[in-house]
Amino acid sequence: MKVGVLALQGDVREHINSLFDCGVEAVAVRRASEIQSVDALVLPGGESTTISQLSEVFGVYQLIKERIASGMPVYGSCAGMILLAEEILDAKVGQKSFGGLEIAVRRNAFGRQIDSFESDIEFADGSTDLMKAVFIRAPWVERVSDSVQILASVDSHPVAVRSKTALATSFHPELSGDDRIHRYFIEQVARPALEKVK
Ligand code: GLN
């Protein structure tokens, strides 16, 4: 499996390192041909408005949107979660997402209370161990459709959700040195989705 990390802005290298630790081939992608060549995509943390604007500058906005819509496995952390949301609350005027995940996400939701924090959370991957989660001006999920499963919450706000082919977290597992989320994405989301296509 070859996984691309969208490299327009944000913490690209950290995601590549986490994916390497999971034993998959991971490459930074920004051009159309590079995005076409990967089996799955990671949208990093960073600034969602900048990433979507740059995707238009690089002429890959539509391609990414279409590949996600046609079932390419995708994982978004923080800004990446916002980019996957069908609806963005507190969006910047004109802000676009790629969509693909039937959720409404509130941008900078935790940011109004406290800018950045760490929390030990329960993540529904079958393990009872708590996971250290790093939140930086993080969104939370405010609504989900029936196709979306909630995997973790903080103060009853969902912070990790998935559909059949998309995973999103409000937090940054690429910064905490714990590859559990990346492993979950590879083993529980991407691999089953790609097997089905074969
Ligand atoms: N608040 C940022 C945004 O709207 C996300 C922050 C992050 O990715 N750490 O894109």
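Indexing begins at 1, ligand by ligand and atom by atom, following the structure's order.
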Handout entry: Any N/O pair Arg107/ligand 1 closer than 3.5 Å
Key = yes
Problem - Non-hydrogen side-chain atoms of Val141 and Met81 separated by less than 4.5 Å - result: yes
Handout entry: Heteroatom distance test (Cys78, ligand 1): nitrogen or oxygen, under 3.5 angstrom
Key = no
Problem - Nitrogen or oxygen of Ser77 less than 3.5 angstrom from that of ligand 1 - result: no
Practice task
Could you list all the ring-ring contact (aromatic ring centres under 6.0 Å, His included) pairs where at least one residue sits in residues 37-74, not counting sequence neighbours?
Solution key: Tyr61-Phe98
Problem - Numbered atoms of ligand 1 (with element) below 4.0 Å of Gly46, judged on heavy atoms - result: 2 (C), 5 (C), 6 (C), 7 (C), 8 (O), 10 (O)
Practice task
Pull out every atom of ligand 1 sitting under 4.0 Å from any heavy atom of His172, numbered as shown with elements.
Solution key: 7 (C), 8 (O), 9 (N)
Practice task
Just let me know how Glu47 lines up against ligand 1, side chain, backbone, both or neither, with a heavy-atom cut-off below 4.0 Å.
Solution key: both
Problem - Pairs where residues 22-56 contributes a residue and the test ring-ring contact (aromatic ring centres under 6.0 Å, His included) is met, not counting sequence neighbours - result: none
Handout entry: Test: Arg137 and Glu47 ion pair at under 4.0 Å
Key = yes
Handout entry: Arg107 bridged to Asp90 by N-O distance under 4.0 Å
Key = no
Exercise for the section: Can you sort out which atoms of ligand 1 are near Ser48, meaning under 4.0 Å from one of its heavy atoms? Expected result: 3 (C), 4 (O), 10 (O)
Handout entry: Donor-acceptor side-chain pairing of Thr50 and Gln9 below 3.5 angstrom
Key = no
Exercise for the section: Below 4.0 angstrom from a heavy atom of Gly45, which ligand 1 atoms are there? Numbered from 1 as shown, please. Expected result: 8 (O)
Completion exercise
Short version for Ile82: what comes under 4.0 Å of ligand 1, heavy atoms counted, is side chain
